[in-house]
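Each chain gets a letter, A, B and so on, in the order its sequence line appears, and its residues count up from 1.
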Amino acid sequence: MPELPEVETVRRGLAPVMEGARVTKVELRRPDLRFPFPIGLAEAVEGRTFTSISRRAKYLLMHLDDGTVLISHLGMSGSFRIDWEGEAAVPGVFHHDRSKSPLHDHAVIDLARPDGKRASVIYNDPRRFGFLLLSAENQLHEHPLLRNLGVEPTGNMLDGAVLAKMLAGKKAPLKAALLDQTLIAGLGNIYVCEALWRAKLSPLRLAGTISGRGGKQTVRSERLATAIRAVIADAIAAGGSSLRDYRQADGSLGYFQHTFNVYDREGHPCPSPDCSGTIHRIVQSGRSTFYCPTCQR
DNA sequence: GTTTATTCCTGACCGC
DNA sequence: TGCGGTCAGGAATAAA
């Protein structure tokens with residue numbers, strides 16, 4: 001499940017291949033993913049050169065030299081793969097991982113790089129919840145999908161004061177509030193569960209209750225902000241370390257081994273050293289929440 | 001304005 | 001072994 005750290009990992013994998021590369025061909029193998037491909041997408045991208053690959057929340061932004069931006073979202077099951085010309089695909093990969101079958105290679109971007117190498121960047125997405133869209137650079141911040149996004153949980157923007165202010169008065173469960181992309185941009189189900197566990201806060205607690213009077217920062221808001229930043233930073237670091245040898249694997253980007261403290265750990269003992277509780281699974285707004293009722297209050 | 005439910009999709013998994 | 005049912009989840013959209 002690609003959340004912000006996975007998307008950032010994909011970005012770091014794609015950037016050195018795509019930046020400075022000219023697009024020789026774009027092949028769309030079906031008319032749509034979650035949304036129809038924009039009319040003229042291939043023509044708009046072919047012949048242009050990628051200047052940079054950036055990220056906003058879970059969106060990948062591929063900037064072209066004429067001010068066009070290719071917006072990509074991996075949805076639930078999307079991934080990118082890099083095939084280098086002259087290098088055989090790793091045999092057997094797709095036999096072992098049907099989820100990345102060539103059947104679901106929906107878009108192929110052929111590149112010619114300044115160093116003379118040629119590569120194809122391939123978008124694969126079995127469940128087709130992802131999408132590729134176009135925007136103009138100077139309208140990017142007004143794009144309907146991007147304009148309402150909240151604060152990035154990276155860097156030092158998200159602190160206890162900011163968090164307390166944004167959650168003040170909120171009646172939704174803390175879990176739901178943290179998933180709201182207009183508040184914090186890029187958190188998904190997994191890292192929300194992990195961050196709440198680290199902060200020792202219950203996902204059931206009403207979001208507003210971690211703020212002080214008048215939305216002032218509190219010990220709890222400080223603890224949660226720190227936990228969110230740490231969970232995301234750790235996951236990005238783990239993804240970065242998996243990038244080193246991504247070409248030995250199967251060329252695909254964005255998925256890496258990761259162990260979680262609570263996510264998908266129902267029935268396991270709480271990993272917190274000073275807690276003898278058990279991880280529970282509940283459903284909140286239709287989604288699984290994993291947490292320890294003993295130490296998360 | 002705020003919050004919750006539904007919808008899209010396919011593969012993995014489980015029980016019979 | 002095969003079949004049917006359930007589940008996973010990001011975010012637009014509709015509904016409460």
From CG of A:Leu33 over to P of C:dG10, roughly how many Å is that when rounded to an integer? 17 Å
Heavy atoms under 4.0 Å, any strand shown: does A:Arg128 hit a base, just sugar-phosphate, or nothing? sugar-phosphate
Taking atom P of C:dG10 as reference, at what distance in whole Å does atom CG of A:Leu183 sit? 16 Å
A:Leu103 CG - B:dG11 P separation (whole Å): 7 Å
In this structure, CZ of A:Phe80 is separated from CD1 of A:Ile53 (nearest 0.5 Å) by 9.0 Å
Close N or O pairs between protein and nucleotides 1-4 of chain B (under 3.5 Å):
from, atom 1, to, atom 2, distance (Å)
B:dT3, OP1, A:Lys171, N, 2.8
B:dT3, OP1, A:Ala172, N, 3.4

side-chain contact (heavy atoms from CB on, under 4.5 Å) involving A:Asp115 - partner list, sequence neighbours excluded: A:Arg113, A:Lys117
Okay, side chain of A:Glu222, backbone of A:Gln217: is any donor-acceptor separation there less than 3.5 Å? no
Give the ring-plane orientation class for A:His73 versus A:Tyr59, where under 30° counts as parallel, over 60° as perpendicular and anything between as tilted. perpendicular
Between C:dA11, B:dG11, C:dA8, spot the one nearest the side chain of A:Arg287, thanks. C:dA11
Ranking C:dA11, C:dA8, C:dG10 by distance to the side chain of A:Glu3, first place goes to C:dG10
Would you kindly give the NE2-to-C1' distance between A:His104 and B:dT10, to the nearest whole Å? 7 Å
Applied to residues 171-192 of chain A, the salt bridge (Lys or Arg N to Asp or Glu O under 4.0 Å) test, sequence neighbours excluded, yields none
Where do A:Thr218 and A:Ile210 come nearest, in terms of heavy atoms and distance? OG1-O, 2.5 Å
Shortest non-hydrogen separation from A:Pro203 to A:Gln284 and the atoms involved: O-NE2, 3.1 Å
Angle between the two end axes of the helix from B:dT2-C:dA16 to B:dC16-C:dG2, five base pairs per end, rounded to 10 degrees? 50°
Compare side-chain N and O positions of A:His73 against OP1 and OP2 of C:dA11 and report whether any pair is under 4.0 Å apart. yes
Side-chain donor-acceptor pairs under 3.5 Å in residues 21-29 of chain A, sequence neighbours left out?
from, atom 1, to, atom 2, distance (Å)
A:Thr24, OG1, A:Asp110, O, 3.3
A:Glu27, OE2, A:Arg29, NE, 3.2

May I have the distance from A:Asn189 (atom CG) to C:dA8 (atom C1'), rounded to whole angstrom? 9 Å
Taking N or O atoms only and anything under 3.5 Å, show me the protein contacts with nucleotides 12-16 of chain C, one pair per line.
from, atom 1, to, atom 2, distance (Å)
C:dA12, O4', A:Arg34, NH2, 2.9

In numerical order, the residues of residues 203-215 of chain A whose heavy atoms come under 4.0 Å of DNA chain B are none
Rounded to the nearest Å, what distance is computed from the CG atom of residue A:Leu60 to the P atom of nucleotide C:dG10? 16 Å
A:Arg81 bridged to A:Asp105 by N-O distance under 4.0 Å: yes
Under 4.0 Å between a side-chain N or O of A:Arg127 and OP1 or OP2 of C:dA11? no
Considering all heavy atoms, the nearest A:Ala44-A:Leu134 contact: CB-CD1, 3.9 Å
Applying ring pair (Phe, Tyr, Trp, His ring centres under 6.0 Å) as the test, list every pair that has at least one member in residues 268-297 of chain A; sequence neighbours left out. A:Tyr263-A:Phe290
Listed partners of A:Pro269 passing side-chain contact (heavy atoms from CB on, under 4.5 Å), at least two apart: none
Holding to side chain to side chain donor-acceptor pair (under 3.5 Å), I want the full list of residues that pass it with A:Arg229, two or more places apart in sequence or in another chain. none
Scan the side chains in residues 151-167 of chain A for donor-acceptor partners under 3.5 Å anywhere in the protein, sequence neighbours excluded, and list what turns up.
from, atom 1, to, atom 2, distance (Å)
A:Glu152, OE1, A:Arg55, NH1, 2.8
A:Glu152, OE1, A:Arg55, NH2, 3.1
A:Glu152, OE2, A:Arg56, NH1, 3.0
A:Glu152, OE2, A:Ala57, N, 2.6
A:Asp159, OD1, A:Ala161, N, 3.2
A:Asp159, OD1, A:Val162, N, 2.9

So, is A:Ser77 near the phosphate of B:dG11, with a side-chain N or O under 4.0 Å from OP1 or OP2? no
Qualifying salt bridge (Lys or Arg N to Asp or Glu O under 4.0 Å) pairs with a residue from residues 192-217 of chain A, counting only residues at least two apart or across chains: A:Arg198-A:Asp234
Rounded to whole angstroms, how far apart are CG on A:Leu74 and C1' on B:dT10? 16 Å
Rounded to whole Å, the NZ-C1' distance (A:Lys175 to B:dA5) equals 15 Å
Given DNA chain B, 5'-ward residue of the pair A:Gln284 and A:Phe129, judged by closest heavy atom: A:Gln284
